[in-house]
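Remarks on the structure that follows.
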Amino acid sequence: MTQATDMRPSVPMDADIIIVGCGPAGMTAAIELAEANRSVIVLDMQPTPGGQIFRNLEDNISQQSSDRQALLAALGPAYRAGADLIRRFRASSRIDYRPLTTVWEVRPDGTVGWLRGMDAGYLRATTVILAHGAMERPVPFPGWTLPGVMTAGSVQTLLKAGNLKPTGNVVLAGTGPLLLLLATQLHKLGVKPTLIARTDRFSDGLRAMRYLRRNGLLPVVKGLGWLAQLKRSGVRMTSGVSDLAAEGERKVEAVSFTVKGRRVRQPCDLLVVHDGIVPAIDIPNGAGLALQWDQTNASWRPRTTSDGLASSALPPDLQPERCVVRITGDARRIGGAEATIAHGRLTAQAILAELRKGDGISSKSQQAVDRTLSVRPFLDAAFPPGLSAKLPDDNTIVCRCEELTAGALREKIRAGFGNMDALRGETRCGMGPCQGRNCMITAARLIEEDRGACGSTPPVFRGRPPIRPLPLGALAGLTGLDPSATELLTLEDKPEHDVEATSDVPAE
Amino acid sequence: MFSPIAPLTHSITVYLDDQPISASKGESVAACLLRAGVPFNRLTPVSGAPRLPYCMIGQCFDCLVEIDGIGNQQACLTIVRDRMRVRRQNGAAIALEHSAQ
Ligand code: FES
């Protein structure tokens, strides 16, 4: 595959810019670039624009029924606020929007592998913007694989796009603004959570106070409003909980945790967990882009310049001439809808400046980025990772796909499989369908635990395409192959006396 | 575990293990299965443990089902189609037996 870089000029470009992800950051960048007469392709997994935050907004707004109106009211004004952005996105004729499309490979040179149904291929652009967003921090705890344990984001997705609300005994556990927002939304829909078990403490909130900035006051006031509302409606809330466990045979039946030195058990039908939001690094890691450890968010994030330019961490022989990938929105750094819109615009302006169009990054966009991010230090301090604070005990499943426990991994690490790829090869941790999206951070921390290392950047599994399943039928019909780098081999091409060259196979 | 917020409109029919269930146009297969109240959408290949959707945004792969004959499809990323045939996955696929038929 190394020859692709020098052949590059001969391959036709499909667009000026390919954008991965159609949330607020991707949409904003697309609109900005299209307005400057650039051709833009937007690839997104969802059926409609909006990302997770404005998921299914168009449909919810268009329905006149009183139930939908009640849903919109419960989801609140921040959800409805995306309507204008989506409308402007839809209205732009220069944007080639391709929904229900999965990206399974990105290369630093601007090549993107896509899949839609059973069609797949490669697309190329002068610049690629990754705006694929965030995911909830993966948290292994006893029983987290039981049916009836779901993340806060998933329950919110069901409200927005599934026309479903929880019934029965609902317990929310963990920390973060999303957990409290969801509790408020559920309550407005007539679902009163039985209990909210928070890992954060009053002292976290106090300590966070010194990070309060005038520009970041509004979100804090909003959050206090949610808390007051929940309190008024008599929702039970406890804080400082630890050692969460879900109990049950074939589904969750109860949740238990420790608070103030006491073990508490609460029967439930649905356990909703949340431990904050982290950038989704599957695409950057698969692309061989440099990652860094973000201590305050306790997560990896791609290493980028302030205007989103990523850098390749590939070995020298795979290194492209130039890395043309930019990363924006929550995929770059967690900030929430407004911050991602601000950074999406800034990224687009940086690209236009590079193309000698436009006036470069305006001070207004820079200020918008700074303003919208100013609340983050407060939130990071007020809601530190809780459910994931301690590493799981030996009996807890770490890898959901291959059902590997922390104990099994610890044993292999002690036996010498002390780097990520060796551990993966030995145990299959990270090799299941999710490709390490849920276990990578825990596996890395278990290795660090063994080394006694901490404070460094935890190691990652080396990502390899395809980073999402690609049906063989789709692979066989791959379009957009680079003709100059594609050789069609037949059986006749096989040398008479084939000497297997095994000596120069590089070690892992 | 879940109940509809609004009555089903634009209802279509999806077959779950050959049994007809109603689905709402535009929703994901995962939402449809949760509304139907199935206790699991797959049994894991390793221990046979039941699983239901966990993340609903395509990250956890616990929602895998067979759709129109193709296995390991993410139910949370697939939109229902009229007369779609969904099968729950029961443990590891019996690869050879299947292809011999
Ligand atoms: S529910 Fe997690 S991938 Fe579908």
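Quick note: numbers below take in every heavy atom, side chains included, and nothing from hydrogens, waters or symmetry partners. Computed from a predicted structure; not experimentally measured.
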*asked:* At a heavy-atom distance under 4.5 Å, which candidate from A:L158, A:N169, A:L100, A:L270 has the highest pair count against chain B?
replied: A:L158
*asked:* Please find the pair of heavy atoms, one from B:I57 and one from A:M45, that lie closest to each other, and give the distance.
replied: O-CE, 4.1 Å
*asked:* Looking at chain B, which one of A:T48, A:T157, A:D269, A:N438 has the largest number of heavy-atom pairs inside 4.5 Å, strictly under?
replied: A:N438
*Shortest non-hydrogen contact between A:L172 and A:P193, atoms and distance*: CD1-CB, 4.0 Å
*What distance separates B:Y15 OH from B:R85 CZ, expressed to the nearest 0.5 Å?*
6.5 Å
*Measuring heavy-atom distances to chain B, does A:A134 have an atom under 4.5 Å in its side chain, in its backbone, in both, or in neither?*
backbone
*May I ask you to check if B:R88 and B:F40 form a cation-pi contact, with NZ or CZ under 6.0 angstrom from the six-membered ring centre and within 45° of the axis?*
yes
*asked:* Given heavy-atom pairs under 4.5 angstrom as the criterion, report whether the side chain, backbone, both or neither of A:K251 touches chain B.
replied: neither
_Interchain contact, A:A152 with chain B, by part (heavy-atom threshold 4.5 Å)_ = neither
*Close side-chain approach of A:H132 to A:P284, heavy-atom, < 4.5 Å*: yes
*asked:* Which heavy atom of A:A246 sits nearest to which heavy atom of A:V149, and what is that distance?
replied: CB-CG2, 3.9 Å
*Is it true that a side-chain atom of A:T101 and a backbone atom of A:R116 form a donor plus acceptor pair closer than 3.5 Å?*
no
*With a 4.5 Å limit on heavy-atom distance, are the side chains of A:Q435 and A:I467 in contact?*
no
*Looking only at heavy atoms, what is the nearest atom pair of A:R250 and A:L146, with distance?*
C-CD2, 4.3 Å
*Which atoms form the tightest heavy-atom contact between B:C55 and A:S154, and what is the distance?*
O-CB, 3.2 Å
*Among B:L77, B:L64, B:T78, B:I70, single out the residue with the greatest number of heavy-atom pairs under 4.5 Å to chain A.*
B:L77
*Proximal component of B:I67, with respect to chain A [non-hydrogen, under 4.5 Å]*: neither
*What are the two closest heavy atoms between B:N41 and B:L52, and how far apart are they?*
OD1-CA, 3.1 Å
_Below 4.5 Å, heavy-atom pairs only: which of B:Q73, B:E27, B:Q74, B:R51 has the largest tally toward chain A?_
B:R51
*Part of A:P47 within contact of chain B (heavy atom distance under 4.5 Å)*: side chain
*Taking only heavy atoms into account, what residues of residues 54-66 of chain A are found under 4.5 Å from chain B?*
A:R55
_Heavy-atom proximity to chain B below 4.5 Å, by part of A:T145_ = both
*Please state whether the side chain, the backbone, both or neither of B:P39 comes within less than 4.5 Å of a heavy atom of chain A.*
backbone
_For chain B, which candidate among A:V155, A:L189, A:T167 shows the most heavy-atom pairs at distances under 4.5 Å?_
A:T167
*Is any side-chain heavy atom of A:W144 less than 4.5 Å from a side-chain heavy atom of A:L244?*
no
*Given a strict heavy-atom distance threshold of 4.5 Å, which part of A:V273 is in contact with chain B: side chain, backbone, both, or neither?*
side chain
_Below 4.5 Å, heavy-atom pairs only: which of A:K165, A:R437, A:R468 has the largest tally toward chain B?_
A:K165
_Proximity breakdown for A:N163 and chain B, heavy-atom pairs closer than 4.5 Å_ = both
*Where on A:L71 is there a heavy atom nearer than 4.5 Å to chain B: the side chain, the backbone, both, or neither?*
side chain
*Side-chain contact, heavy-atom cut-off 4.5 Å: A:Q185 with A:Y79?*
no
*Distance in Å, B:S24 OG paired with B:I79 CD1, rounded so as to fall on 0.5 Å steps*: 10.5 Å
